[in-house]
Amino acid sequence: MGKKGKAAARERREQRRQEVTLLRAVPYELSQRWWDGLAPARAVAVVTGANRGIGYEISRQLALHGLHVILASRDASRGQEAVESLLREAAEAGDTSVDVEWQQLDVTDAASVEAFAAWTARTHGGIHVLVNNAGVNFNRGADNSVEFAEQVIETNYFGTKRMIEAMTPLFKPSPYGGRIVNVSSRLGRADGRRNRIGDAILKEQLLTDDCLSEELIDGMVMKFLEQVKQDSWSSIEWPQMYTDYSISKLAVNTYTRLVARRLSARPEGEKIYINCFCPGWVKTAMTGWEGNISAEEGADTAVWLALLPQEEATIGKFFAERREISF
């Protein structure tokens, strides 16, 4: 892409950014606020990796809309500080309706996920919204180290998968349906302009719904990890930018589509709508504060997907800036 093309792309992004800012300022109509239809109970939302950054902001926005938010994080002190910060901010604004609590969760630990699910069922009887935000990326700038590839994939992909498997049975029956939102990235596209899978057969399988299976997705990430151990991986075969992170998000995207197929057959009253989205390049600790949008802006599409009125709810799609994009 030449200088003119890059300038035009930046202009389009900025225009859409301004459009979404205006949309975010428009309050939901009473008829759209499906979560109010659950009164006197509150809709329960779980947000993982929520003690800072996008997860914190997603929690804040969902709580301001009136949902009960379980802010889940691995670190107890940071998680509790995050809850105290949200409650303090609400009190200073005179809003006494904000309802947030912290619970410990390490998505890389099966026992922790199991304990979290059991606590949620025991304490709340179930949930209505799950936002899988917990994730890591150890590369910055032009770096492309795979030193921490196993941790990246274990957290970003297997952690998300573990949470969906554990929490899906806990979704409360509702005429409005449940919501699962997976935080992903455009870097996880199978055939992106700058980042893509070099294996044509694998790419075709990943983009064909009838070919998708857990074995295919798990096999892809395990093949990459094995090549990393043997130091035989190639940027020709795998995504060229932030390779381990990109593969983890490619796995999240394809797994979202796979789960969507399974959930689409659920009867009315037990529907669960699962989608993924790219928040953009956000100014958070994960990007070394080098992003070009705020956490508030980055969280917007997640909140929008979580709160979509049932008649507009979609399943198995990929979004950015409140628009569907390709996988």
Side-chain angles (χ1 to χ4, degrees), residues 24 44-65 67-93 95 98-109 112-113 116 120 129-141 143 148 151-160 162-163 167 180-185 187 242 244-245 248-249 252 276-306 320:
R24 196 162 60 248
V44 177
V46 170
V47 184
T48 70
N51 62 279
R52 65 179 186 177
I54 296 172
Y56 177 88
E57 187 59 35
I58 292 171
S59 299
R60 188 182 76 86
Q61 293 184 31
L62 289 176
L64 288 173
H65 280 297
L67 284 75
H68 175 83
V69 176
I70 302 172
L71 186 154
S73 71
R74 191 171 44 185
D75 187 281
S77 62
R78 291 178 179 176
Q80 290 164 348
E81 286 173 8
V83 166
E84 290 170 5
S85 175
L86 289 174
L87 294 175
R88 184 169 58 250
E89 177 188 337
E92 290 172 354
D95 187 347
V98 168
D99 192 6
V100 187
E101 66 179 322
W102 172 81
Q103 186 63 22
Q104 198 279 335
L105 172 66
D106 180 355
V107 300
T108 68
D109 183 344
S112 176
V113 172
F116 178 86
T120 303
V129 174
L130 170 63
V131 181
N132 286 306
N133 168 74
V136 293
N137 178 23
F138 294 95
N139 285 304
R140 302 282 187 275
D143 297 341
F148 302 103
Q151 184 177 345
V152 169
I153 289 173
E154 179 62 39
T155 304
N156 298 0
Y157 169 55
F158 286 113
T160 294
R162 201 171 281 123
M163 283 299 292
M167 301 304 289
I180 299 176
V181 181
N182 294 329
V183 180
S184 191
S185 171
L187 292 176
Y242 300 167
D244 54 3
Y245 179 81
S248 74
K249 293 304 186 180
V252 168
C276 52
F277 84 104
C278 174
W281 196 30
V282 184
K283 296 176 183 177
T284 63
M286 181 180 286
T287 64
W289 309 101
E290 295 178 347
N292 53 22
I293 62 173
S294 67
E296 180 180 2
E297 292 171 299
D300 175 75
T301 299
V303 176
W304 174 72
L305 284 169

Minimum heavy-atom separation for [X] to [Y], with atom names?
X	Y	answer
Glu154	Thr108	OE2-O, 3.8 Å
Asn182	Asn132	OD1-ND2, 2.9 Å
Ala72	Phe116	CB-CE1, 4.0 Å
Val100	Ala63	CG2-CB, 3.7 Å
Ile293	Pro279	CD1-O, 3.1 Å
Ala306	Leu62	CB-CD2, 4.1 Å

With sequence neighbours left out, write down each residue that passes side chain to side chain contact (heavy atoms under 4.5 Å, CB included) with Ser73, or none if nothing qualifies.
Asn51, Trp102
From the options Asp300, Val282, Val47, select the one residue that forms a side chain to side chain contact (heavy atoms under 4.5 Å, CB included) with Ile54.
Val282
When you look at CZ of Arg74, are more than 12 heavy atoms from neighbouring residues, nucleotides or ligands closer to it than 6.0 Å?
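Counting neighbours around CZ of Arg74, 12 or fewer heavy atoms of other residues, nucleotides or ligands fall under 6.0 Å, so no.
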Please test Leu105 against Met163 for side chain to side chain contact (heavy atoms under 4.5 Å, CB included), starting from the C-alpha separation and ending with a verdict.
CA-CA 10 Å; Leu105 172 66; Met163 283 299 292; 3.8 Å; yes
What's the verdict on side chain to side chain contact (heavy atoms under 4.5 Å, CB included) for Asn139 and Asp244, showing C-alpha distance, side-chain angles and the deciding distance?
CA-CA 9 Å; Asn139 285 304; Asp244 54 3; 3.6 Å; yes
To the nearest 0.5 Å, tell me how far [X] [atom1] sits from [Y] [atom2].
X	Y	atom1	atom2	result
Ile70	Thr48	CD1	OG1	12.0 Å
Gln61	Leu67	CD	CG	12.0 Å
Leu130	Ile180	CG	CD1	5.5 Å
His68	Glu101	NE2	CD	3.5 Å

I'd like to check Leu187 versus Lys249 (side-chain heavy atoms, cut-off strictly below 4.5 Å). Are they in contact?
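The answer is no, as the side chains (C-beta and beyond) never meet within the 4.5 Å cut-off.
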Is there side-chain contact between Asn137 and Val152, with at least one heavy-atom pair below 4.5 Å?
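Contact flag for Asn137/Val152 side chains = no.
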Could you go through the side chain to side chain donor-acceptor pair (under 3.5 Å) check for Asp106 and Ser112 one step at a time?
CA-CA 6 Å; Asp106 180 355; Ser112 176; 5.8 Å; no
Could you go through residues 76-89 and list every donor-acceptor pair under 3.5 Å that involves a side-chain atom there, pairing it with any protein atom two or more places apart or in another chain?
| from | atom 1 | to | atom 2 | distance (Å) |
| --- | --- | --- | --- | --- |
| Ser77 | OG | Asp75 | OD1 | 2.8 |
| Ser85 | OG | Tyr56 | OH | 2.8 |
| Glu89 | OE2 | Arg60 | NH1 | 3.2 |

